[in-house]
Amino acid sequence: MPELPEVETIVRGLKSELVGQRVKEFRFLSPHLEKEQLPGSFQPATYKGRKILDIRRRGKMIIIEFEGRLGWLVHLKMTGQLFLTEPECKIDKHTHALLKFYRLKKELRFRDIRKFGFLNCLDLTQIEGKIGNDLGPEPLEIDLASFKRLLKTHGKKRLKNWLLDQKIIAGIGNIYSDEILFRAGLNPFRLAGSLTDREATRLYRAMKRVLKEAIAFKGSSISDYVDASGERGRFQERHQVYAREGRLCPRCRQEKIIRKKINGRSTFFCPGCQD
DNA sequence: AGCCCATCCTGTCCGC
DNA sequence: TGCGGACAGGATGGGC
């Protein structure tokens, strides 16, 4: 479900309400998250009485830091949600974990229809190790020269796959890769190493612009995504190509948006003005 | 090395 | 209305 802009929106919302709050209770509501805990994980009871010190994002991962170097490493995958709600609000069968606080009336819930997501209870050192090994740089922090270098070092990959590869750049998913390539006017089948210097600069600027704009609109809500307060995003109204097969291209107004599969993922683009 | 496909799981939508 | 198949924001691993 969520990509960088959605995860960033969730993290900002959670951070503003939860930093400084002390845990009264943490429990799993269904067996699957508990069963998937990695070796060396902490029991939920370990978290009781600890304050939340920080909440941050790395790529599409969410890291919640508790006192005593305890953490949560959360990935929402396709349908995961992490949101605050009133305790009276009904808990359905897709809600898998619950966190209550002493002072805050609202509770934090982890809900995930397809169960692809994870919530791992680990030591901060383990979390940082996992993240450091698996993820490429942040798209909103990388500089132009490093970006161009990455295009060359993974030059045989198609642009679509290059953008989706979390080890190259962390945080972009299927919606934003299409929107970025449209904004840059680049064909998703092009090889990363084939871009001219000017095209590479265009891609870099499109990436920053699309992601920043999407964050300003609080992400895209296609079906399940909601932010930390359960609100939907509005960037889906600004999508130029994603899920707009058959519609007239908003740039050239000549060709229609088409859909092709790349690596099993639906890819939407304009065959006229994306070369 | 990189592409394609299946896989994890549940829900929705579309055509017959 | 029911049923089967395709598809969905992610990531991984096997085969080619």
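So that the names make sense, note that chain A is the first sequence line, chain B the second, and so on, each numbered from 1. As the structure is a prediction and not an experimental result, all values here were calculated from the model.
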Are the ring of A/Phe116 and the base ring of B/dC8 both nearer than 5.5 Å at their centres and tilted by less than 30°?
-> yes

Would you verify whether the NZ or CZ of A/Arg232 falls within 45 degrees of the ring axis of A/Tyr225 while also being under 6.0 Å from that six-membered ring's centre?
-> no

Salt-bridge contact A/Glu65-A/Arg56 (side-chain N to carboxylate O under 4.0 Å) | yes

Across the strands shown, which category fits A/Asn161 at heavy-atom distances under 4.0 angstrom: base, sugar-phosphate, nothing?
-> sugar-phosphate

Euclidean distance, atom NZ of residue A/Lys60 to atom P of C/dT12 [Å, nearest integer] | 10 Å

Distance check: side-chain N/O of A/Lys77 vs OP1/OP2 of C/dT12, anything under 4.0 Å?
-> no

If only side-chain N and O atoms of A/Arg111 are considered, is one of them under 4.0 Å from the OP1 or OP2 phosphate oxygen of B/dT10?
-> no

Between A/Lys115 and B/dT10, does any side-chain N or O lie under 4.0 Å from OP1 or OP2?
-> yes

For A/Gln166 and C/dA11, is the shortest distance between a side-chain N/O and OP1 or OP2 below 4.0 Å?
-> yes

side-chain N/O A/Arg259 vs C/dA8 OP1/OP2, d < 4.0 Å = yes

Carboxylate-amine/guanidinium proximity below 4.0 Å for A/Lys160 and A/Asp178 | yes

Please report, rounded to the nearest Å, how far the P atom of C/dA8 is from the CZ atom of A/Arg114.
-> 10 Å

In whole angstrom, give me the gap between the P atoms of C/dC7 and B/dC4.
-> 15 Å

Could you tell me whether A/Gly264 contacts a base, only the sugar-phosphate backbone, or nothing, with contacts defined as non-hydrogen atoms closer than 4.0 Å?
-> nothing

Could you check which nucleotide pairs with B/dT12 in any of the strands shown, counting Watson-Crick or G-U wobble with both distances under 3.5 Å?
-> C/dA6

Calculate the interatomic distance between A/Phe189 atom CZ and B/dC3 atom C1'; express it in whole Å.
-> 11 Å

What does A/Ser266 touch in the nucleic acid at a heavy-atom separation under 4.0 angstrom: a base, only the sugar-phosphate, or nothing?
-> sugar-phosphate

Calculate the interatomic distance between A/Lys130 atom NZ and C/dT12 atom C1'; express it in whole Å.
-> 12 Å

Candidates B/dG2, B/dG11, C/dG10 - which lies nearest the side chain of A/Glu3 = C/dG10

Output yes when A/Asp165 and A/Lys157 qualify as a salt bridge under the 4.0 Å nitrogen-oxygen rule, no when they do not.
-> yes

Rounded off to whole Å, could you give me the CG-to-P distance for the A/Asn133 and C/dT12 pair?
-> 12 Å

With respect to the phosphate group of B/dC3, does any side-chain polar atom (N or O) of A/Lys261 fall under 4.0 Å of OP1 or OP2?
-> no

Euclidean distance for P, B/dA6 against C/dG5 (whole angstrom) = 14 Å

Does A/Glu67 pair with A/Arg50 as a salt bridge, N-O distance under 4.0 Å?
-> no

OP1 or OP2 of B/dT10 less than 4.0 angstrom from a side-chain nitrogen or oxygen of A/His94, does that happen here?
-> no

Whole-Å distance between B/dA1 C1' and A/Lys152 NZ?
-> 17 Å

What distance, rounded to whole Å, do you find between the two C1' atoms, one in C/dA6 and one in B/dC5?
-> 15 Å

Candidates B/dA1, C/dG10, B/dC4 - which lies nearest the side chain of A/Ile262 | B/dC4

Give one of base, sugar-phosphate or nothing for A/Lys93, where a contact means two heavy atoms less than 4.0 Å apart.
-> sugar-phosphate

In whole angstrom, what separates A/Ile222's CD1 from C/dC7's P?
-> 17 Å

Indicate, with a heavy-atom threshold strictly under 4.0 Å, whether A/Asn263 touches base, sugar-phosphate, or nothing.
-> base

Is any side-chain N of the basic residue among A/Arg247 and A/Glu245 closer than 4.0 Å to the acidic one's carboxylate O?
-> no

Between CG of A/Asp112 and P of C/dA11 the distance, given in whole Å, is 13 Å

For A/Ile113, which contact category applies under a 4.0 Å heavy-atom criterion: base, sugar-phosphate, or nothing?
-> sugar-phosphate

Decide yes or no on side chain to side chain donor-acceptor pair (under 3.5 Å) for A/Thr125 and A/Arg69, but give the supporting numbers first.
-> CA-CA 8 Å; A/Thr125 312; A/Arg69 292 199 59 77; 3.3 Å; yes

Looking for any heavy atom pair under 4.0 Å, which part of the strands does A/Tyr176 touch: base, sugar-phosphate only, or nothing?
-> nothing

